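From a predicted model like this one, the values you see are computed outputs, not experimental measurements. Sequence positions, counted from 1, serve as the residue numbers for this chain.
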Amino acid sequence: MERATRPLTPPAEDVVATGHDAAAAHSVAVERSILNSPYALAAPLAIVMLVFFVGPLILTLIVSFWNYTQYSIEPAFTTVNYYDVFYGCIAKLPDLCVTFATYLSTLKFCLIVWAITLVLGFVLGWFIVFEIKNVSTQIILFLICTIPFWTSNVIRMIAWIPLLGRNGLVNESLMGIGLTTEPIEWLLYSDFAVVLAFVHLYTMFMMVPIVNSMLRIDPEIIEAARDAGAGTIKIALLVIAPLCRPGIVIGSIFVVTIVMGDFLTIGVMGGQQIASVGKVIQTQLNFLQIPIAAANAVVLLGAVLLIIWGMTRIVDVRREL
């Protein structure tokens, strides 16, 4: 009886199956590598940014070169809109044209609000991070600071009117205790009311990045500075502030960007009497002067980007984060 011998090579069916398995495993590995690549992970956000951010900006830039009449908007390529934006600005020097005066008013609010929110955000951040030792208490205080954001901006602005009006709580209280004999007019529908509303609305945008930077600071640095004889003000200005530069710059970008383009706060709290770039654009849109409004928006975007560029030159945020 002859002993059966096994073939030296596997059957063709096994070879084909093994080849298919290897090809399938290779394709799965390739798909996983593609899905786990940084580009694939960033693709959804990139698509959203292109559709809802870059796309509208490009469309605004295109429309800014169109022509318009009282009755129609005509696709064209003309620079008349930009000429109208800066009409008379050179000839009227040293007097300010409407555009320069409007930008100066907007920059004034921007600078004042930035300075106040910076001081408030830094002081509140210092208190929460360095003065409160219990983490739970820190979280509770931080959440308390976010309570105003539970309502809309309009409601928060309107809430000031019963307080600051001629017959409001503040004027009634001041006259009641004898500090004034008549209502104070500049409490509402004034520059003061606009700045107050801006600070109320946007201090958190400055505070949150600063708190984030402060949480990265080792508390022993403060103790070492105190042991060296430094007071609280010196520690804040010479130790903590330089270490919080990324947070300060990020918060400043938030505040400056929002204030520069704001029109609702200035309109409500200024009584429709204070000019701003955002208010000019809104008025042009209301009158369907869309191309010149788009040109104003492009100029405003350029001004804001220039300010942000200057801030990022002072501090390299990406390197210090």
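Heavy atoms from other residues, nucleotides or ligands lying under 6.0 Å from CH2 of Trp186 number more than 12. The neighbour count for Glu131 CD, taken as heavy atoms of other residues, nucleotides or ligands under 6.0 Å away, is above 12. Annotation for Phe254: atom CZ does not count as buried by contact number, only 12 or fewer foreign heavy atoms lying within 6.0 Å. No more than 12 heavy-atom neighbours from other residues, nucleotides or ligands sit within 6.0 angstrom of OH on Tyr83. Heavy atoms from other residues, nucleotides or ligands lying under 6.0 Å from CD of Glu74 number more than 12. The 12-atom threshold is exceeded at CD1 of Ile147, counting heavy atoms of other residues, nucleotides or ligands nearer than 6.0 Å.
Without hydrogens or angle criteria, Thr99 side chain to Val85 main chain gives a donor-acceptor distance under 3.5 Å. With hydrogens and angles ignored, the 3.5 Å screen pairs a side-chain donor or acceptor of Arg245 with a backbone N or O of Pro242. In terms of modelled atom types and a separation under 3.5 Å, the side chain of Thr312 and the main chain of Trp309 share a donor-acceptor contact. Between the side chain of Asn296 and the backbone N or O of Val280 there is no donor-acceptor pair closer than 3.5 Å. Remark: the backbone N or O of Ile184 is paired with a side-chain donor or acceptor of Asn171 at under 3.5 angstrom. Put simply, the side chain of Ser173 gets close to the backbone of Leu169: a donor and an acceptor are under 3.5 Å apart. Side-chain N or O atoms of Asp262 include one that pairs as donor or acceptor with a backbone N or O of Thr265 at under 3.5 Å.
Side-chain contact check for Phe205 versus Ile258: some heavy-atom pair is nearer than 4.5 Å. Residues Phe192 and Leu187 are in side-chain contact: their nearest non-hydrogen atoms beyond the backbone lie under 4.5 Å apart. Between Met175 and Thr181 the shortest side-chain heavy-atom distance does not fall below 4.5 Å. Looking only at side-chain heavy atoms (C-beta outward), Phe77 and Trp66 stay at 4.5 Å or farther from each other. Between Asn212 and Val208 the shortest side-chain heavy-atom distance does not fall below 4.5 Å. Looking at heavy atoms from C-beta onward, Phe263 lies out of side-chain contact with Ile281 at the 4.5 angstrom threshold. Between Val113 and Val256, every side-chain heavy-atom pair lies at or beyond the 4.5 Å cut-off. Contact annotation: the side chain of Ile140 never approaches that of Leu143 to less than 4.5 Å [non-hydrogen atoms, C-beta and beyond].
In this structure, Tyr68 OH and Thr78 OG1 are separated by 10.5 Å, a value rounded to the nearest 0.5 Å. To the nearest 0.5 Å, atom CE of residue Met207 and atom CG of residue Leu120 are 10.0 Å apart. Distance check: Tyr189 OH to Leu164 CG gives 10.0 Å after rounding to the nearest 0.5 Å. Taking OG1 of Thr106 as the start and CD1 of Ile266 as the end, the distance is 5.5 Å to the nearest 0.5 Å. A distance of 10.0 Å separates CG in Leu243 from CE in Met214, rounded to the nearest 0.5 Å. Atom CD1 of Ile307 is separated from atom CG of Leu107 by 5.5 Å, given to the nearest 0.5 angstrom.
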Under the criterion side-chain contact (heavy atoms from CB on, under 4.5 Å), I'd like the reasoning laid out for Ile253 against Met311: C-alpha separation, chi angles, the key distance, then a yes or no. CA-CA 8 Å; Ile253 291 174; Met311 292 181 182; 3.8 Å; yes
Would Val195 and Met269 count as a side-chain contact (heavy atoms from CB on, under 4.5 Å) if you check the C-alpha gap in whole Å, the side-chain angles of each, and the deciding distance to 0.1 Å? CA-CA 9 Å; Val195 172; Met269 301 303 293; over 6 Å; no
Take Leu61 and Phe65 through the side-chain contact (heavy atoms from CB on, under 4.5 Å) test and state the conclusion after the steps. CA-CA 7 Å; Leu61 180 62; Phe65 291 101; 3.9 Å; yes
Could you go through the side-chain contact (heavy atoms from CB on, under 4.5 Å) check for Ile235 and Ile240 one step at a time? CA-CA 6 Å; Ile235 294 174; Ile240 303 302; 4.0 Å; yes
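Note on Val54 and Leu300: same hydrophobic cluster, where clusters join Ile, Leu, Val, Met, Phe, Trp and Tyr whose side-chain heavy atoms are under 4.5 Å apart, directly or indirectly. Hydrophobic clustering (ILVMFWY, side-chain heavy atoms < 4.5 Å, transitive): Ile144 and Trp126 are in one cluster. Using a 4.5 Å cut-off between side-chain heavy atoms of Ile, Leu, Val, Met, Phe, Trp and Tyr, with links allowed through other members, Ile62 and Ile290 fall into the same hydrophobic cluster. Residues Leu45 and Leu50 fall within the same hydrophobic cluster, defined by Ile, Leu, Val, Met, Phe, Trp and Tyr side chains chained together at heavy-atom separations under 4.5 Å. There is a path of hydrophobic side-chain contacts, each under 4.5 Å, that joins Met49 to Leu305.
Here the closest non-hydrogen pair linking Pro209 and Gly247 is CB-O, 3.3 Å. Among all heavy-atom pairs drawn from Gln284 and Ala293, the shortest one is OE1-CA, 3.2 Å. Of all the heavy atoms in Met206 and Gly251, the pair that sits closest is SD-C, 3.6 Å. The heavy-atom pair separating Ile210 from Cys244 by the smallest distance is O-SG, 4.4 Å. Nearest approach of Ile73 to Leu288, heavy atoms of both residues: CD1-O, 4.5 Å. Scanning both residues, Ile274 and Gly270, for their nearest heavy atoms gives CD1-CA, 3.8 Å.
In terms of the side-chain hydrogen bond (donor to acceptor under 3.5 Å, both in side chains) criterion, residue partners of Arg156 (sequence neighbours excluded) are, by chain and number, Asn153. The disulfide (SG to SG under 2.5 Å) test applied to Cys110 returns no partner, not counting sequence neighbours. Ser72 is linked by a side-chain hydrogen bond (donor to acceptor under 3.5 Å, both in side chains) to Thr69, counting only residues two or more places apart in sequence or in another chain. Under the rule for a salt bridge (Lys or Arg N to Asp or Glu O under 4.0 Å), Lys234 has no partner lying at least two apart in sequence or in another chain.
Checked against a 6.0 Å centroid threshold, the rings of Tyr82 and Tyr87 do not count as neighbours.
Within the structure, every pair that satisfies the side chain to side chain donor-acceptor pair (under 3.5 Å) test and touches residues 246-258, not counting sequence neighbours, is listed here: Trp114-Ser252. Listed by first and then second residue, the side chain to side chain donor-acceptor pair (under 3.5 Å) pairs that reach into residues 268-278 are Gln272-Lys279, sequence neighbours excluded.
Side-chain polar atoms of Thr283 and Asn286 form no donor-acceptor pair below 3.5 angstrom.
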